[in-house]
Amino acid sequence: MTKEMEFAKCMALLRKAVRMELITEAEYTIARNKLMDRFLIIREDDPMAA
């Protein structure tokens, strides 16, 4: 599986957990940020990315 597909799968599972109210939005944000670091994805609001 490519890294992009693996990241997309993880994000889909996280959003599903939020919809089912298994985790809060704050927990989702923390997990999303960790995933973005793990998969080396640049954040839109990151001033160091430019």
Side-chain angles (χ1 to χ4, degrees):
M1 184 180 310
T2 65
K3 290 185 92 169
E4 294 87 359
M5 291 296 294
E6 188 175 349
F7 176 73
K9 184 172 105 176
C10 290
M11 290 301 297
L13 290 173
L14 271 177
R15 285 309 304 168
K16 184 174 182 176
V18 171
R19 281 194 315 272
M20 295 176 68
E21 298 180 356
L22 299 174
I23 63 174
T24 65
E25 283 288 333
E27 291 170 324
Y28 164 77
T29 302
I30 292 169
R32 183 190 69 199
N33 289 338
K34 286 184 181 181
L35 279 174
M36 289 177 84
D37 289 341
R38 178 178 161 203
F39 288 98
L40 304 175
I41 296 180
I42 299 172
R43 292 178 188 80
E44 293 175 4
D45 60 348
D46 189 1
M48 296 299 290

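- Put simply, Tyr28 and Ile41 are part of the same group of oily side chains (I, L, V, M, F, W, Y) that touch within less than 4.5 Å, one to the next.
- Val18 and Glu25 make their closest contact through CG1-OE2, 3.2 Å (heavy atoms, listed as atom of the first residue, atom of the second, distance).
- Cluster annotation: Met11 is connected to Phe39 through the hydrophobic network of ILVMFWY side chains, with a link wherever side-chain heavy atoms come within less than 4.5 Å.
- Each of Thr29, Ile30, Leu35 was scored for a side chain to side chain contact (heavy atoms under 4.5 Å, CB included) with Asn33, with one residue passing: Thr29.
- Listed by first then second residue, pairs satisfying ring-ring contact (aromatic ring centres under 6.0 Å, His included) with a partner in residues 8-27 number zero, not counting sequence neighbours.
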